[in-house]
Every structure is written in structure tokens, then in C-alpha cells.
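One structure is given here, and the rest of the page talks about it.
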Amino acid sequence: MKFQHRVVGMLSLLAIITYLDRICIAVAGPQMQDSLGISPQAWGWVTSAFFLSYAAFEIPTGALGDRIGPRRVLTRVVTWWSAFTSLTGMVSSYPLLLLVRFCFGAGEAGAYPNVSIVIGRWIPQRRRASVWGIIWMTSQIGAALAPLLVVPLQLRYGWRASFYLFGILGIAWSVVWYAWFRDSPHEMSGITAAERDEIGVEPAPRHGGMPWGIALRSAMFWRVAAIGASYVYVIGFFQSWLQTYLVKGRGFTAAALVFSTVPYIVGACANGVGGIVSDRLVRKFGLTTGRRIVGVSGLGSAAIFMAATISATSGLWSLIFLSLAYAGILFQQPTLCATSVDIGKGHVGAVFGFMNMASNLAAALSSVVFGYLVAYSGGYELPFIPMLVLLCVGVLLWLRVDPTRQVVDEPRSVRCPRRPSAETARCRLRTNSIGNSAMTYSRSLRSIRRPISV
């Protein structure tokens with residue numbers, strides 16, 4: 001097995017654990033609210049506390065990964081959030097629960113920005129959307145497993161037991177990751193020269209940090225962040241309110257919550273297919289058109305099915321339409337992540353961190369707004385209107401995306417394979433031709449500037 005595949009396997013396992021921990025509290029939510037006496041508005045702040053702290057620490061943790069490497073940063077991230085996952089099972093009051101969930105979010109912040117750094121250093125551009133599809137697909141498998149694991153555990157042992165179990169899983173992953181992984185293929189012991197050439201990346205760059213003055217003037221920088229915010233506002237519902245909505249809004253029983261795995265299973269398939277389709281469309285139509293097609297079709301279909309959810313007349317149809325809307329969102333998700341890597345280059349941790357910060361601020365807002373709109377309207381239909389509007393905004397933004405425009409321009413270089421071959425000779429010939437052409441052009445400019453003698 002190639003080292004690239006092993007890296008993707010470790011990242012996929014990380015994604016499963018991440019979403020097990022996130023969805024665990026959503027599944028246990030109805031029992032936690034009854035046990036601790038938490039109202040819908042107060043529960044919105046519990047879930048929002050995670051998103052707020054997660055958003056606040058996204059940029060610094062992503063930028064830290066750019067500077068010192070994702071090996072050490074991801075080890076710290078997973079260890080921290082796993083500890084606070086277990087501590088969630090020990091809380092006995094509402095204020096303590098708010099504090100623990102805030103610290104949980106601060107610890108998990110930077111996980112996916114550092115995953116994007118790993119992908120940028122280990123995966124060729126032509127396969128990045130597919131790899132993101134695999135990672136997000138496995139994250140949805142984690143989300144789908146959560147109800148299947150949490151519901152039996154909480155029925156037999158209470159809602160606290162599941163938090164203890166999932167915390168241990170994260171600690172085990174972080175130990176294996178730190179012992180095995182290296183920040184660059186050039187640092188990995190045992191990797192072949194052929195695989196390093198296939199990856200086609202140079203050793204991990206060292207730089208002085210993100211030039212924020214340049215980044216904040218980049219239209220693409222803001223556009224990608226706005227798209228992330230528009231659809232993660234909706235994902236916030238699936239991570240925080242789905243099970244409560246099904247029980248209190250659509251009459252599902254606690255045992256019937258196992259059916260809440262359906263959106264995550266459908267979403268997992270959409271993630272995997274979306275990544276593959278994106279890479280194939282890029283090969284056929286080019287980087288910009290290929291990425292746009294997936295983005296527009298994904299969020300456009302999600303908007304249609306979200307509108308259908310609002311008008312659904314039964315719990316079964318609402319679950320079906322929500323599942324299809326979730327699938328549309330996740331179909332385009334790997335493409336947006338790959339676009340972030342495309343435009344970020346050596347600063348991908350900071351770029352992805354900024355996008356994730358904006359996204360999780362939107363998710364935090366979503367969680368709070370949903371609770372207040374439920375209390376204001378006395379039902380569960382009104383909170384879906386802002387979701388529908390933001391999905392349509394995301395479609396319009398995708399029409400303006402150009403993944404070929406880097407946030408911070410970097411010098412381009414031609415890197416030839418190391419092994420002697422006809423391809424190597426042609427590559428060096430092209431490189432020499434470029435250099436000779438540049439030299440000839442430079443000499444021509446100097447001759448023009450030189451005074452003419454009679």
C-alpha cells in the first residue's frame with residue numbers, strides 16, 4: 001500500500017471520530033435536556049458554545065499547522081477534544097455544560113485546516129477532491145454510527161456512558177498518529193522515490209506566516225468563506241437539532257431515532273460521489289468550470305429539497321427530503337475544500353481556517369436562531385426559511401468562483417522526475433527552453449535600453 005493511501009486512511013479514521021463526538025451530543029440531546037432541565041433556547045446556546053469557540057481558534061490553529069506542521073498540531077487537537085468529550089459525560093449543571101462544550105470546541109478547532117495541509121503536501125492536485133470526498137464520506141459514516149451506538153448505550157447505561165467511550169477512541173488515534181506520521185513525504189521513512197515523484201511536491205515550506213493584508217483584499221478568499229458559511233449554517237441544524245426536531249417536531253420516539261442515521265448515510269454517499277465527479281469534470285472541462293458545476297448543482301438541489309421539507313405533511317417525508325437536501329450540500333463539500341487547497345497553496349492552513357471560522361460562526365448562529373424561532377413561532381417550520389435563503393445565496397456565489405486565482409501568489413517552478421527517462425529529458429528540455437527564452441527576452445530588453453551608436 002502506498003503511503004498516500006495510509007495517510008488518507010488515518011485522516012478518514014480521524015473524520016469518523018470527529019463526527020462521532022459531534023453527533024453524540026445531538027443524539028443524547030433530548031435526554032440531556034430533560035435530565036438537566038434545559039429549555040430550547042438554552043439548548044441552542046449549548047450547541048452554539050461549541051461552534052463559537054471552534055470558530056475563534058480556527059485561524060490560529062490552522063496557521064500554526066502551516067508553521068510547525070500538522071503532525072504535532074493534530075496530535076494536540078485530538079488529545080484536547082477527546083478529553084473534553086469524556087468530561088461532557090460528567091457535567092451536572094447547565095453552566096458547567098456550557099463551559100465544557102466551549103472548551104471542547106476550542107480543542108477541536110484546527111482539525112480540518114490541518115487535514116487540508118496534509119492533503120496539500122501529500123496528494124496531487126488532480127486527486128484532491130476525490131480524497132476530500134473520501135474523508136467527508138467517512139465523517140458521515142461516523143455521524144451515521146453515532147445514533148446506532150449512542151441510542152442503545154443511553155437506553156441501557158444512560159446518556160453519559162457514550163461520551164466516556166468516544167473520548168478514549170480519540171486518545172488512541174492521537175498516539176498512533178504522532179508515532180507514525182511525518183509532515184512531508186520527504187521526511188517519511190520507507191517511502192520510495194517513485195512515490196515522492198508521483199506526489200510531485202517539494203519538502204514542507206518554511207515561511208513567516210500569512211500575509212493577511214494581501215489575503216483580505218482577495219475576492220476569492222472572501223467568496224470561498226461566504227460559500228462555506230452559507231451551507232454550514234444548514235449543517236449546523238443536522239449536527240445540533242435534527243434529533244430534537246424529529247422527536248418534538250415530527251413525533252418520533254426515542255427508539256425511532258435510529259432512523260436519524262438516514263441523512264448521514266445518504267450524505268456519506270454524496271460526499272464520495274461528489275469528490276469523484278469533481279475531479280472528472282475538472283479533467284474534462286478545466287479547473288474553474290469543473291468546480292463550478294459541482295458547486296451549483298449541489299447547493300441548487302439542496303435548496304429545492306429544503307423547500308420540499310417545509311411543505312412536507314408527514315415525519316417520513318420530512319426525513320426523506322432532509323436527507324436529500326443534506327446530500328446536495330455534501331455533494332459539493334469536497335469541491336469547496338479542494339478549492340481552498342487550490343487557492344491556499346503554502347498558506348492553506350490559514351485559508352482553510354478562515355473559511356472554517358466563517359462557517360462555524362454561521363453554524364453557531366444557526367443553532368441559536370433555530371431555538372429562538374421555535375420558541376417564537378411555536379412550531380418547527382419557520383427556522384427552515386433562513387436555511388433555504390442561504391442555500392440560494394451559495395449557488396450565486398459558486399458562479400463567481402475561480403480556483404486558479406491564488407490568495408497569495410507564489411513563484412512557479414518546474415519539477416522534473418528524478419529517475420532518468422525520456423519524460424525526464426523532455427521535462428528538462430522544456431525547463432531549459434523556458435530559461436533560455438527568459439534570458440533572450442532579458443537580453444533584448446537590455447539591448448533596447450542601450451544607447452545606439454552611430
Side-chain angles (χ1 to χ4, degrees), residues 13-57 61 74-111 139 142-143 145-177 236 239-244 247-248 254-255 257-258 260 360 363-364 367-368 371:
L13 185 58
L14 171 65
I16 290 175
I17 297 171
T18 301
Y19 271 70
L20 276 174
D21 291 347
R22 289 188 188 184
I23 303 301
C24 179
I25 193 169
V27 179
Q31 282 202 12
M32 292 178 71
Q33 292 171 55
D34 294 338
S35 173
L36 300 176
I38 301 174
S39 66
Q41 299 97 314
W43 183 252
W45 283 107
V46 169
T47 55
S48 181
F50 162 78
F51 291 118
L52 286 172
S53 59
Y54 188 89
F57 289 92
T61 313
L74 278 176
T75 301
R76 192 276 298 164
V77 163
V78 179
T79 302
W80 182 325
W81 103 51
S82 299
F84 280 96
T85 296
S86 295
L87 287 172
T88 303
M90 302 180 185
V91 299
S92 57
S93 65
Y94 175 65
L96 188 58
L97 178 60
L98 280 177
L99 176 62
V100 170
R101 296 310 291 178
F102 184 88
C103 293
F104 173 84
E108 189 173 327
S139 74
L145 286 174
L148 299 177
L149 296 174
V150 174
V151 170
L153 279 172
Q154 71 181 16
L155 289 176
R156 184 174 179 82
Y157 302 106
W159 59 266
R160 300 177 186 274
S162 55
F163 292 100
Y164 303 144
L165 174 63
F166 295 156
I168 294 172
L169 292 177
I171 296 293
W173 184 93
S174 64
V175 171
V176 175
W177 175 259
Q239 292 185 7
S240 304
W241 281 98
L242 174 63
Q243 285 75 16
T244 300
V247 171
K248 299 188 175 184
L257 280 182
V258 293
S260 66
N360 283 278
S367 184
V368 173

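Nearest heavy-atom pair across W80 and C103 is NE1-O, 3.1 Å. Residue Y94 comes nearest to A42 through the heavy atom pair OH-O, 3.1 Å, listed as atom of the first residue, atom of the second, then distance.
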Problem set entry | Working for side chain to side chain contact (heavy atoms under 4.5 Å, CB included), residues M32 and V46 | CA-CA 11 Å; M32 292 178 71; V46 169; over 6 Å; no

For this session: Please report the C-alpha distance between W241 and W43 in whole Å, then the side-chain angles of each, then the deciding distance to 0.1 Å, and finally whether the side chain to side chain contact (heavy atoms under 4.5 Å, CB included) criterion is met.
Result: CA-CA 9 Å; W241 281 98; W43 183 252; 4.2 Å; yes

Output a table of donor-acceptor pairs, distance under 3.5 Å, between side-chain atoms of residues 83-92 and any protein atom two or more places apart or on a different chain; print 'none' if there are none.
unit_1 : atom_1 : unit_2 : atom_2 : d
T85    : OG1    : W81    : O      : 2.8
T88    : OG1    : F84    : O      : 2.8
T88    : OG1    : R101   : NH1    : 3.2

Show me the donor-acceptor pairs, under 3.5 Å and distance only, between side chains in residues 166-173 and residues at least two apart or in other chains.
unit_1 : atom_1 : unit_2 : atom_2 : d
W173   : NE1    : M10    : O      : 3.0

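Under the side chain to side chain donor-acceptor pair (under 3.5 Å) criterion, S53 pairs with no residue at all, not counting sequence neighbours. For I16, the side-chain contact (heavy atoms from CB on, under 4.5 Å) partners two or more places apart in sequence, or in a different chain, are L20, T138. Applying the ring-ring contact (aromatic ring centres under 6.0 Å, His included) test to Y54 and every residue at least two apart in sequence or in another chain returns F50. Residues passing the side-chain contact (heavy atoms from CB on, under 4.5 Å) test with A55, sequence neighbours excluded: M357, N360, L361.
Looking only at distances, a side-chain donor or acceptor of T18 sits under 3.5 Å from a matching main-chain atom of L14. A donor-acceptor pair under 3.5 Å is absent between the side-chain atoms of S35 and the main chain of Q31, judged by distance alone. Side chain of S162 to backbone of W159: a donor-acceptor contact under 3.5 angstrom is found.
The shortest distance between side-chain heavy atoms of T79 and V175 does not fall below 4.5 Å. Side-chain contact between L96 and S93 is present, with at least one heavy-atom pair separated by less than 4.5 Å.
Side-chain polar atoms of S174 and T75 form no donor-acceptor pair below 3.5 angstrom.
For the atom pair OH of Y164 and OH of Y157, the computed distance is 14.0 Å after rounding to the nearest 0.5 Å.
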